[in-house]
Every structure is written in C-alpha cells, then in structure tokens.
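First up is the structure itself, then whatever we jot down about it.
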Amino acid sequence: MGNIDITIAGGDYDRTRPIADGRVAVDGCNVTYLKMQPQELFFRAIRYAEFDVTELSISSYMLQVRRGVSPYTAIPVFLSRSFRHSNAFIRTDRGIKSPADLKSKVVGCPEYQLTAAVWLRGLLKDDHGVESWDMKWRTGGLEVPGREERTPITLPPEYDYAPIGNRTLSDMLEKGDIDALISPHDPSCLKRGAPNVARLWPDYRSEEQAYYKRTGVFPVMHLVAIKKALVAKYPWLPLTLYKAFSKAKDIAIEDLKFRTVPTATLPWLQAEVEATEASMGKDFWPYGFARNRDVLEKLIRYSSEQHLAEPGLKPEDLFDETTLAPMPGESPAPKK
C-alpha cells in the first residue's frame with residue numbers, strides 16, 4: 001500500500017520547518033506543506049475546512065467543538081504559545097494606571113474570540129477583578145478595515161459589543177476613539193511613537209515571568225487539527241502526525257542550542273535558551289495532552305466565563321482519542 005497525499009497548512013516556524021522541508025517525514029504520507037499567515041489560514045479553515053491538516057486557533061476550534069459543528073479533530077501539538085501581557089495597549093490620557101482601571105473603558109480587539117484576548121480577559125478577571133462585560137468591546141481590523149469574527153458569536157445583553165466597520169483599531173487608538181486595545185500584533189501607532197499610546201504593562205517580560213512563576217501556566221494559542229473524514233479513513237494518522245510534529249519541535253530546540261553559527265539573528269541566543277530552561281525546565285514548550293491538561297482546563301473556563309464556549313466542554317473533547325495517552329519518554333504531567 002502506497003503513501004497517502006496530505007496537505008498541511010500552517011505557519012513558517014522553526015518547529016514546523018523540519019516537516020515542511022522534508023527533514024522529518026510523516027510516516028505513510030506524502031506531504032505538501034502550505035506556509036500561511038494565521039489570519040487567512042484560520043478564516044479559511046474555520047469557514048470552509050479547506051485543508052487536510054491545519055494549524056487552528058484553539059478558541060475558535062473550541063467553539064465549533066462545543067457546538068458540534070467542527071469538521072476537524074485535533075492532536076495536542078501547540079504550534080503557538082505566548083504570554084500575553086505584551087499585547088495590551090492603552091491611552092495614557094484616560095486615567096488607566098493599573099489593569100483594574102479598564103473597567104468601563106472602551107477596548108478594541110480584532111475579534112472577541114481571539115485566543116490571545118481570551119487569555120488576557122481571563123488574567124484581568126483572576127488577577128485584577130475585571131469581568132469581560134465590565135469593558136465595552138469594539139472589534140475589527142487592526143490596520144486594514146473589515147475584519148469579522150471567523151465563526152459567529154452571540155454575547156448576552158449586558159455586553160456593549162459592536163464592530164467598527166470601515167475604520168481600523170490602530171487609528172482609533174491613536175485618535176482616542178477607544179481607550180485601550182488587545183491585539184497579538186503591536187499597532188502601527190505604537191511603533192510610530194504616537195502621543196498618549198503605550199503598553200499597559202511596560203515591563204511585560206518581568207510581568208510574564210512572574211505570572212509563570214506564580215501559576216506555572218504557559219498559555220496555548222494554536223493547535224494542529226485533522227479532518228474527521230480523513231481520520232475515519234486512516235485512523236493511524238493522528239498519532240503519526242503527533243510523532244512527526246514532536247520530532248520537528250525537538251530538532252528546532254536543539255538547533256537553538258547550536259553554538260558555532262547561531263540559527264537565529266540574536267547575539268546571546270544560547271544564553272537565552274539556558275535562562276529559559278532554568279526558569280521553565282528542559283521541556284519548556286510541551287506537547288502532549290497530560291502535560292497541558294491544566295492549561296487547557298483554564299482556557300476552557302475562561303471561554304465559558306466570557307460567554308464563548310458553552311459550559312460542559314472537557315479537554316478530552318478536543319483531541320483524537322489515540323493521542324490522549326502519554327508517549328514513551330514523554331515528560332509526565334506536572335504535579336498540582
């Protein structure tokens with residue numbers, strides 16, 4: 001029996017490149033890897049299920065799973081993880097001296113359902129007592145008008161939520177038409193040094209390190225999903241893909257440690273890897289269900305509290321059953 005042909009759509013990351021360039025084979029498969037930016041990729045995957053295997057926003061995927069309409073099942077490969085303190089921006093002339101001051105403020109966000117926004121709103125609730133409905137939400141494109149929620153959402157009446165139409169969030173922040181912004185990308189007005197625009201947490205690295213030390217949470221953003229129809233035909237595929245993506249990530253981390261010629265354009269790359277391992281452990285970017293169960297439970301709670309995914313979703317519901325058990329040699333789940 002010959003190999004099957006599959007298309008994998010995902011970002012161009014060091015942890016996916018070994019699959020894209022063929023250094024890591026997906027057993028039993030001929031792979032075509034499509035390098036795409038997340039915004040276009042997620043829209044096409046969520047709206048039209050175009051790809052055999054795809055990187056996906058966890059937040060949007062959870063919504064579809066809970067509604068019973070997802071054409072995909074996932075594997076516990078987390079291609080994007082990020083602390084999000086760096087992604088909150090404010091007007092400095094609106095009396096916002098601390099996160100608690102965001103209550104009653106008008107806050108922009110490209111999509112309410114963005115995973116980054118779900119994590120930040122959860123942090124604001126847990127650490128600062130700001131509920132998601134305490135803020136007024138304005139959604140749309142950061143730099144290009146017209147962005148919409150990639151899958152429909154309905155918020156309760158207590159929310160003040162509205163799209164911004166043909167304007168951009170960066171322009172509205174610069175002109176003072178919104179008080180704050182949550183965005184995975186820095187707005188151009190911040191990059192230009194526009195007056196009265198700054199980060200909510202200027203020393204965000206210290207804040208994020210303190211958050212990890214306190215919680216042990218390294219937020220997950222994107223996972224890898226496979227069409228259910230393909231899994232039904234080839235039930236071995238989820239585990240095979242999990243092994244391939246895990247091997248590719250291991251290669252990427254080892255490449256970071258290669259001392260002779262740095263693999264990234266940073267002068268103290270090796271020192272950065274060593275510092276990260278010292279604070280977060282050798283397995284600082286963990287894949288696997290058991291190692292990430294607590295993080296997933298927190299994200300599911302946040303999604304429910306923010307009136308996205310309906311209550312009742314469990315971490316096991318998100319993944320193909322063949323990938324739930326730890327793999328041989330995989331680091332165990334952290335002790336609670």
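In this chain, residues are counted from 1 in sequence order. All of these numbers come straight from a predicted model, not from anything done at the bench.
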Under the side-chain contact (heavy atoms from CB on, under 4.5 Å) criterion, do Val118 and Leu120 qualify, and how do the steps go? CA-CA 6 Å; Val118 175; Leu120 259 173; over 6 Å; no
For the pair Thr168 and Leu142, evaluate side-chain contact (heavy atoms from CB on, under 4.5 Å) and give the outcome as yes or no after the intermediate values. CA-CA 5 Å; Thr168 69; Leu142 180 64; over 6 Å; no
Passes side-chain hydrogen bond (donor to acceptor under 3.5 Å, both in side chains), Arg147 versus Gln39? Steps please. CA-CA 10 Å; Arg147 183 165 177 175; Gln39 184 176 338; 3.3 Å; yes
Give the C-alpha distance, both sets of side-chain angles, the deciding distance and a yes or no for side-chain hydrogen bond (donor to acceptor under 3.5 Å, both in side chains) between Tyr159 and His307. CA-CA 10 Å; Tyr159 280 82; His307 298 95; 3.0 Å; yes
Trace of the side-chain contact (heavy atoms from CB on, under 4.5 Å) decision for Lys125 with Gln306: CA-CA 10 Å; Lys125 171 185 166 63; Gln306 296 168 30; over 6 Å; no
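Minimum interatomic distance between Pro184 and Asn87 (heavy atoms only, all atoms of both residues): O-ND2, 3.4 Å. The shortest non-hydrogen separation linking Gln64 to Pro71 is OE1-CD, 3.9 Å. What you find for Ala198 and Leu190 is that their closest heavy atoms are CA-CD1, 3.9 Å. Here the closest non-hydrogen pair linking Thr92 and Val197 is OG1-N, 4.4 Å. Contact record, Ile96 with Leu102: CD1-CD2, 4.0 Å, taken as the closest heavy-atom pair. Counting all heavy atoms, side chain and backbone alike, Ala9 lies closest to Leu41 at CB-CD1, 3.4 Å.
Under 4.0 Å is where a charged nitrogen must lie from a carboxylate oxygen, and between Lys249 and Asp283 at least one such pair does. For the pair Arg47 and Glu148, the salt-bridge criterion is met [side-chain N within less than 4.0 Å of a carboxylate O]. For the pair Lys247 and Asp250, the salt-bridge criterion is not met [side-chain N within less than 4.0 Å of a carboxylate O]. Under the 4.0 Å criterion applied to side-chain N and carboxylate O atoms, Arg301 and Asp126 are assigned as salt-bridge partners. Salt-bridge formation is detected for the pair Arg167/Asp171: a Lys NZ or Arg NE/NH1/NH2 atom is positioned less than 4.0 Å from an Asp or Glu carboxylate oxygen. A salt bridge links Arg91 and Asp93; the closest N-O separation between the charged side-chain nitrogens and carboxylate oxygens is under 4.0 Å. Ion pairing between Lys257 and Glu274 fails under the 4.0 Å rule for side-chain N and carboxylate O. The pair Arg121-Asp127 fails the salt-bridge criterion, with no side-chain N (NZ, NE, NH1 or NH2) lying under 4.0 Å from an Asp/Glu carboxylate O. Checked for salt-bridge contact, Asp101 and Arg94 miss the test: no charged N lies under 4.0 Å from a carboxylate O. The pair Arg293-Glu297 meets the salt-bridge criterion, with a side-chain N (NZ, NE, NH1 or NH2) lying under 4.0 Å from an Asp/Glu carboxylate O. Between Glu50 and Arg44, at least one side-chain nitrogen of the basic residue sits less than 4.0 Å from a carboxylate oxygen of the acidic one, meeting the salt-bridge criterion.
Put simply, the residue from Ser60, Ser57, Ser303, Ser59 that forms a side-chain hydrogen bond (donor to acceptor under 3.5 Å, both in side chains) with Gln113 is Ser60. Residue Phe218 is tested with Phe284, Tyr287, Trp285 for a ring pair (Phe, Tyr, Trp, His ring centres under 6.0 Å); the sole match is Trp285.
Taking the six-membered ring wherever Trp is involved, the centroid distance between the rings of His222 and Phe78 does not fall below 6.0 Å. Aromatic rings from Trp119 and Tyr302 are positioned such that their centres are separated by under 6.0 Å.
Formation of a donor-acceptor pair under 3.5 Å by the Gln209 side chain with backbone atoms of Tyr204 is not found in this model. Proximity of a side-chain donor or acceptor of Thr323 to a complementary backbone N or O of Phe319 within less than 3.5 Å is not detected. Side chain of Tyr242 to main chain of Gly288: a donor-acceptor pair is present (N/O by atom type, distance under 3.5 Å, no hydrogens or angles). Without hydrogens or angle criteria, Tyr61 side chain to Leu318 main chain gives a donor-acceptor distance under 3.5 Å. The backbone N or O of Arg84 sits nowhere less than 3.5 Å from a side-chain atom of Ser82 that would complete a donor-acceptor pair. A donor-acceptor distance shorter than 3.5 angstrom exists from the side chain of Arg17 to the backbone of Asp12, with no hydrogens or angles considered. Judged by distance alone, the side chain of Asp179 and the main-chain N or O of Val106 form a donor-acceptor pair under 3.5 Å. Judged purely by atom type and a 3.5 angstrom limit, Thr54 has no side-chain atom pairing as donor or acceptor with the backbone of Leu56. Although no hydrogens or angles enter the test, the distance criterion places no donor-acceptor pair under 3.5 Å between the side chain of Glu158 and the main chain of Trp133. Of the possible polar contacts, one joining the Asp52 side chain to the Thr7 backbone as a donor-acceptor pair under 3.5 Å is found.
Contact annotation: the side chain of Ile153 approaches that of Tyr161 to within less than 4.5 Å [non-hydrogen atoms, C-beta and beyond]. Taking 4.5 Å as the limit, some side-chain heavy atom of Tyr33 sits within range of a side-chain heavy atom of Thr16. Counting heavy atoms from C-beta outward, Ile8 and Phe245 have side chains that approach closer than 4.5 Å. Using a 4.5 Å heavy-atom threshold, the side chains of Asp160 and Trp137 count as separate. Side-chain contact check for Ile226 versus Asp320: every heavy-atom pair is 4.5 Å or farther apart. Contact of the Cys189 side chain with the Phe89 side chain is not registered, since no non-hydrogen atoms from C-beta on lie closer than 4.5 Å. Side-chain contact between Lys314 and Asp317 is present, with at least one heavy-atom pair separated by less than 4.5 Å. Within the 4.5 Å cutoff, the side chain of Ser188 has heavy atoms near those of the Glu143 side chain.
Hydrophobic cluster membership differs between Val107 and Leu173, with clusters built from Ile, Leu, Val, Met, Phe, Trp and Tyr side chains linked at under 4.5 angstrom. Note on Val24 and Val53: same hydrophobic cluster, where clusters join Ile, Leu, Val, Met, Phe, Trp and Tyr whose side-chain heavy atoms are under 4.5 Å apart, directly or indirectly. One hydrophobic cluster, built from ILVMFWY side chains closer than 4.5 Å, holds both Leu155 and Met62.
Put simply, OG1 on Thr151 and CD1 on Ile46 are 6.5 Å apart, with the number rounded to the nearest 0.5 Å. Taken to the nearest 0.5 Å, the CG atom of Asn30 stands 4.5 Å off from the CG atom of Asn3. Expressed to the nearest 0.5 Å, how far SG of Cys109 lies from CD1 of Ile178 amounts to 10.0 Å. Distance CG/Leu266 to CG/Leu256: 9.5 Å, rounded to 0.5 Å. Note that OG of Ser183 is 7.5 Å distant from CG of Leu169, once rounded to the nearest 0.5 Å. In this structure, CD in Glu272 is found 11.0 Å from CD in Glu277, a value given to the nearest 0.5 Å.
Surrounding NE2 of His128 are more than 12 heavy atoms belonging to other residues, nucleotides or ligands, all under 6.0 Å away. For Lys105, the NZ atom counts as densely surrounded, since its 6.0 Å shell holds more than 12 non-hydrogen atoms of other residues, nucleotides or ligands. Under a cut-off of 6.0 angstrom, the local environment of CZ in Arg23 is crowded, with over 12 non-hydrogen atoms contributed by other residues, nucleotides or ligands.
In this pair, Phe83 and Tyr212 present their aromatic rings perpendicular. The plane angle is above 60°, beyond the 30 to 60° band.
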